Amino acid sequence: SWVALVKNKNKVEVSFVAIDKCVLSDADATGIGRCDAMLYTSNRLYLVELKKVRSGWKGDAIQQLIDTIDSIFHFHAEQLQSFQKRKAFVCNKRHPHFTQVDNELQARIYREYKFRIDVQAEVIILD
């Protein structure tokens, strides 16, 4: 069950792809972190990592997103270019409110991959 709420106020068509244990099984990606899911529209990409724990979750979740982003850049760079906006979300059922991501880390991820990262329980779909 999801621990995040997807808000799609403008009813934009969104596709969903389960990544962890679906697109990438444990055997296919040994030692490589991967996020739980990907949502996408015609020009936006959203990666989502879901957590349900009280402590030690934020760093691990962000690393799973970074590993997923890095894999996408290495194996699907051409397809990635079709997305004008890219955002990655860490969502935790136990900590549903927005949590600040270190500014230096946020800047580095944007510089390297053009992804923004948020830690919050709401994935907001924009058109």
Side-chain angles (χ1 to χ4, degrees):
S1 66
W2 275 69
V3 295
L5 176 64
V6 177
K7 289 191 172 184
N8 187 357
K9 181 177 151 185
N10 295 328
K11 296 182 172 59
V12 177
E13 185 175 329
V14 178
S15 296
F16 170 87
V17 176
I19 295 176
D20 191 15
K21 302 199 182 2
C22 292
V23 170
L24 291 173
S25 70
D26 290 338
D28 293 336
T30 304
I32 299 171
R34 58 220 177 252
C35 69
D36 290 302
M38 172 175 66
L39 303 166
Y40 63 93
T41 68
S42 61
N43 64 353
R44 293 179 186 263
L45 175 63
Y46 305 90
L47 299 178
V48 181
E49 174 56 26
L50 304 169
K51 295 292 183 193
K52 296 182 203 176
V53 296
R54 291 199 183 274
S55 63
W57 56 274
K58 191 165 92 172
D60 292 342
I62 290 172
Q63 189 58 55
Q64 284 176 267
L65 286 167
I66 291 170
D67 289 349
T68 303
I69 292 166
D70 193 52
S71 293
I72 291 170
F73 260 82
H74 280 90
F75 298 108
H76 302 286
E78 189 173 313
Q79 294 94 328
L80 191 59
Q81 298 309 311
S82 67
F83 298 107
Q84 295 171 354
K85 301 286 184 177
R86 306 170 196 151
K87 196 156 188 182
F89 288 90
V90 175
C91 302
N92 190 332
K93 186 176 190 173
R94 307 271 188 212
H95 298 273
H97 303 293
F98 180 82
T99 302
Q100 184 68 34
V101 177
D102 176 78
N103 286 340
E104 185 177 319
L105 174 63
Q106 181 77 268
R108 180 179 64 85
I109 293 169
Y110 189 77
R111 238 186 351 264
E112 288 180 34
Y113 302 109
K114 301 294 187 250
F115 265 89
R116 301 232 182 256
I117 290 189
D118 275 340
V119 180
Q120 63 188 44
E122 292 182 349
V123 177
I124 300 170
I125 305 296
L126 301 171
D127 57 346

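Since the structure is predicted, the reported quantities are computational estimates derived from the model, not experimental observations.
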(request) Flag the pair Leu47 / Phe115 as yes when at least one side-chain heavy-atom distance between them is below 4.5 Å, and no otherwise. (result) yes
Query - Within 6.0 Å of CD in Gln81, more than 12 heavy atoms from elsewhere - result: yes
(message) Measuring only between side-chain heavy atoms, which start at C-beta, is Ile66 closer than 4.5 Å to Leu105?
(response) yes
Rounded to the nearest 0.5 Å, the NZ atom of Lys114 sits from the NZ atom of Lys85 at a distance of 11.5 Å
- Enclosure of Arg116 CZ (heavy-atom neighbours >12, cutoff 6.0 Å): no
Do the non-hydrogen side-chain atoms of Arg44 and Ile125 ever get within less than 4.5 Å of each other?
no
Rounded to the nearest 0.5 angstrom, the CZ-CD1 distance for Arg34 and Ile69 is 15.5 Å
Between the CE atom in Met38 and the OG1 atom in Thr68, the distance rounded to the nearest 0.5 Å is 10.5 Å
Output for pair (Leu45 CG, Tyr40 OH), nearest 0.5 Å, gives 9.5 Å
Side-chain heavy atoms of Val6 within contact of Val123, under 4.5 Å
yes
His74 (side chain) donor-acceptor with Asp70 (main chain) under 3.5 angstrom
yes
One should read off an interatomic distance between Asp60 CG and Glu49 CD, to the nearest 0.5 angstrom, of 9.0 Å
Same apolar cluster (I L V M F W Y, side chains within < 4.5 Å links), Leu80/Tyr110:
no
Item to check | Min side-chain heavy-atom separation Ile117-Gln106 under 4.5 Å | outcome: yes
With hydrophobic residues grouped by side-chain heavy-atom distances under 4.5 Å, do Ile19 and Phe75 end up in a single group?
no
Can you find a heavy atom in the side chain of Trp57 that is under 4.5 Å from one in the side chain of Val119?
yes
Heavy atoms of Thr41 and Tyr46 approach each other most closely as CG2-CE1, 4.4 Å
### Task
Report yes or no: does Gln120 contribute a side-chain atom to a donor-acceptor pair with the main-chain N or O of Glu122 at less than 3.5 Å?
yes
Between the CG atom in Asn8 and the CG atom in Asn10, the distance rounded to the nearest 0.5 Å is 7.0 Å
